[in-house]
Amino acid sequence: MAQEPMNTDLMKSGLLKTTGAGVLREHDLGAEVQLAGWVARRRDHGGVIFIDLRDSTGFVQVVLNPEEAPAPEDVLHGLRIEYCVQVMGTVRQRPEGTVNPDLPTGAVEVVAQRLRVLSTSEPLPFPLDGRTDIDEGLRLQYRYLDMRRDRVSRNLRARSKAIRAMRNVMDEQGFLEVETPTLIASTPEGARDMLVPSRLRQGQFYALPQSPQLFKQLLMIGGVERYYQIARCYRDEDFRADRQVEFTQLDFEGAFWGQEEVLATIELVARRVVADLGHSIGPDPFVRMTYAEAMESYGSDKPDVRFDMKIVDLSEAFTDTDFKAFAGVLADGGSVRGINGGQLGLARAGLDALVSEAQDVGAKGLVWMVVEDDGSLRSPVAKFLSDTEQADIASGLSATPGDTLLIVADHTNTVLDVLGRMRLHVGQPDGHDELAFVFVVDFPVFEVGEDGALSPAHHPFTAPADLDALVHAPETAVSKAYDLVLNGSELGSGSVRIHDAAMQAKVFEVMGISDEDAEGRFGWFLEALRYGTPPHAGFALGVARFVSILQGEPNIREVIPFPKTQTGADPLTGSPSRVKKDQLEELGICVAPDVVAAWAEEADSDPPTTDT
RNA sequence: GGGGGCGUGGUGAAGUCUGGAGUUCACGCCGGCCUGUCAAGCCGGAGGUCGCGGGUUCAAAUCCCGUCGCUCCCGCCA
């Protein structure tokens, strides 16, 4: 590359640019500017060369005119995509007829007096123009290139805005931002802990926090009264489109307040984030429904209420039915319920596919009925149903000609679950243009499993609505726990906490946690509760889930700067990785023999081996 | 742990069902031409272990088995 004279002014200050490429407009005409960024596109006409210079603010067209000789010819014609360059030039109006209306800076261009290549680039492993979908593994391996693309950089900026909005609201509301440790003792929150071995105490482990739950309660006991944190959380469970092993939450907690104040605060936060990300929602308060209502009408504790299609209980229509399948279910205490799927227009094969999908998610069967023009029902089971029964179905589901009705008869929990899934399957709107927030409140203390066994629905520090009810009828007891749902995604959850040591002990007892067990696992916390704990309540909101929905992204990886793949790997840095024997020895850890054996087998078949 | 989808020059796709020469398209890359383009254009060229391993076959990108990777889902995330 030809040697260029150095600009000593720039060298002194270290400042390579005086303005952003994407902010130049007609009011900048005549301005002498210094730009620095990347060559996003080049159009080399042999004489004049145009480059679209991109930096974090956007694009501007730079004109490299041979008469101006902004750099030696071999440098100019040698420019390639993603070369990092600095340009000194003048902003001028584009000639008549060459304005580019697709570009915010399209009315102007920068004619270069000087161009300096700051850094060259090898040909890229994939194009950055956003015209094709690139394999995700490749994108993650080159995430630093991927984030030069509009999609990712837009999402990173949106995420930043969202977090700033959250901080602003929390600050305005008098919350104190407090950090809590990320190397902690294992907390009882249900998910698998990520463990970190201790060198100083061999054989002992820290856990990464699944949430700052107990610490924020300690902050309340400590008199902070209003706490928040943009907190990193870790849960070692399998990945989904909306789940990563590490994730960020807006975590907050307040003392001397309760559920209403928490929900009001969440709504303030959510509205600010929505507005700051350029969306609008109506002034009506967020819809609120109980867990029971959500399950009953939508078959889900995270109902997508962008569309109606409520589940309707049709059991009463079949109290005296001759249809054995329904009669048997009702005799067993189950129910018959249905949804009106609307105008699905499915052929027989499509309807049968729905049946097998329902069976896949646990239903014994699914009855479909298509409403004919004359109002009659076309269905494989129609012949088993009386005219009255058919009429009751049609009126119960508000059937109109062309509608497809889906009916399930089974244990009520199964019916609701299956119809809830079918509802999403046939009714799910594409995209997220509409924003439907729902507060789901009054969660049960326990979930009742298939076998009737009770398992806690929330962590054991959640206050029951009524302690007596919890003791005497645990399976129906309600807790002061609540979720925020957006478009069928759980954005976050929270609860009023137990602030009384005696009640906490009782709750542990009901949940089957023995005194010794409780004392051993978090005796320190039980003791803290005994020093004048204020009533307190809080919430935690998933940042990536929220931002991904607002950005119209199908998964949270798109709004996470450096996400992991579904198998927990980072293709860029190669984590997780094996470590040297010395490191393990310091920690007092051995890798299990069968794992080492598997490594050896791998090494036999693969040329490259990892140092262990 | 289980089910589905995908894997083809650097990128994206078609080809796979119904086996017959690494064939095609777009982008990128290299060389040449080109002074108002904006996905610049025109001409020429290079580039492949069809993810990997095994099997069936005269013959495998294509069929079968296994395996790895990415992804969606069930379980899991009380």
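Chain letters run A, B, ... following the sequence lines, proteins first and then strands; every chain starts at 1.
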Taking the [atom1] atom in each of [N] and [M], what is the distance between them to the nearest angstrom?
N	M	atom1	answer
B:G12	B:G31	C1'	25 Å
B:A61	B:G9	C1'	14 Å
B:G48	B:G20	P	23 Å
B:C25	B:C43	P	14 Å
B:G44	B:C27	P	14 Å

Do the side chain of [X] and the main chain of [Y] share a donor and acceptor less than 3.5 angstrom apart?
X	Y	answer
A:T105	A:F59	yes
A:Q229	A:T180	yes
A:D304	A:R306	yes
A:R557	A:K564	no
A:S495	A:R497	no
A:R545	A:S489	no

Taking C-beta and beyond as the side chain, do A:F439 and A:V485 meet within less than 4.5 Å on heavy atoms?
no
Side chains of A:L406 and A:V426, heavy atoms from C-beta outward: is any pair under 4.5 Å?
yes
Can you list every salt bridge (Lys or Arg N to Asp or Glu O under 4.0 Å) pair that touches residues 90-110 of chain A, not counting sequence neighbours?
A:R92-A:E109
Which pairs count as salt bridge (Lys or Arg N to Asp or Glu O under 4.0 Å) when at least one residue sits in residues 474-488 of chain A, sequence neighbours excluded?
none
Taking any strand in view, what nucleotide pairs with [N] in a Watson-Crick or G-U wobble way, both distances under 3.5 Å?
N	result
B:C70	B:G5
B:A61	none
B:A21	none
B:C34	none
B:A26	B:U11

Determine whether A:Y291 and A:F443 satisfy the following criterion, ring pair (Phe, Tyr, Trp, His ring centres under 6.0 Å), listing intermediate values before the conclusion.
CA-CA 5 Å; A:Y291 172 89; A:F443 269 75; 5.0 Å; yes
Mind checking [X] for me? I need base, sugar-phosphate or nothing, with any heavy atom below 4.0 Å counting as a touch.
X	result
A:P66	base
A:R545	nothing
A:R80	sugar-phosphate
A:E67	base
A:E96	nothing

Candidate pair A:T573 and A:D570, rule side-chain hydrogen bond (donor to acceptor under 3.5 Å, both in side chains), full reasoning
CA-CA 6 Å; A:T573 63; A:D570 174 8; 2.8 Å; yes
Taking the nucleotide of RNA chain B with the closest heavy atom to each, which residue, A:F50 or A:H458, is nearer the 5' end?
A:F50
Pick out the pairs of N or O atoms, protein on one side and nucleotides 6-13 of chain B on the other, that lie under 3.5 Å.
from, atom 1, to, atom 2, distance (Å)
B:G10, O2', A:P125, O, 2.8
B:G12, OP1, A:D135, N, 2.9

Is the shortest side-chain N/O distance from [X] to OP1 or OP2 of [N] below 4.0 Å?
X	N	answer
A:T567	B:C70	yes
A:T98	B:U37	no
A:R43	B:U37	no

Out of [options], which has the shortest distance to the side chain of [X]?
X	options	result
A:R557	B:C76, B:U71, B:G36	B:U71
A:V48	B:C72, B:U35, B:C30	B:U35
A:R42	B:G36, B:C29, B:C77	B:C29
A:R235	B:C29, B:G36, B:C77	B:C77

Measure from CG on A:L76 to C1' on B:U35 and round the result to the nearest Å.
13 Å
To the nearest angstrom, the CD-P distance between A:Q359 and B:G3 comes to 18 Å
What does the list of N/O pairs under 3.5 Å between the protein and nucleotides 73-75 of chain B look like, with a distance for each?
from, atom 1, to, atom 2, distance (Å)
B:C73, OP2, A:A241, N, 3.2
B:C74, OP2, A:R240, NE, 3.0
B:G75, OP1, A:R421, NH2, 3.4
B:G75, N7, A:R240, NH2, 2.7
B:G75, O6, A:R240, NH1, 2.8
B:G75, O6, A:R240, NH2, 3.0
B:G75, N1, A:D238, OD2, 2.6
B:G75, N2, A:D238, OD2, 3.3

Of all pairs that satisfy side-chain hydrogen bond (donor to acceptor under 3.5 Å, both in side chains), the ones with a partner from residues 44-58 of chain A, not counting sequence neighbours
A:K17-A:D55, A:R41-A:D52, A:R43-A:D52, A:D44-A:H77, A:R54-A:E82, A:D55-A:T57
Tell me, with the steps shown, if A:F307 and A:Y298 meet ring pair (Phe, Tyr, Trp, His ring centres under 6.0 Å).
CA-CA 10 Å; A:F307 61 104; A:Y298 301 99; 8.1 Å; no
Donor-acceptor pair (no angle test) under 3.5 Å: A:E109 side chain, B:G36 base
yes
Is A:H45 stacked against the base of B:A40, taking the criterion as centroid distance under 5.5 angstrom and interplanar angle under 30°?
yes
Near RNA chain B, counting only heavy atoms under 4.0 Å, which residues of residues 139-149 of chain A show up?
none
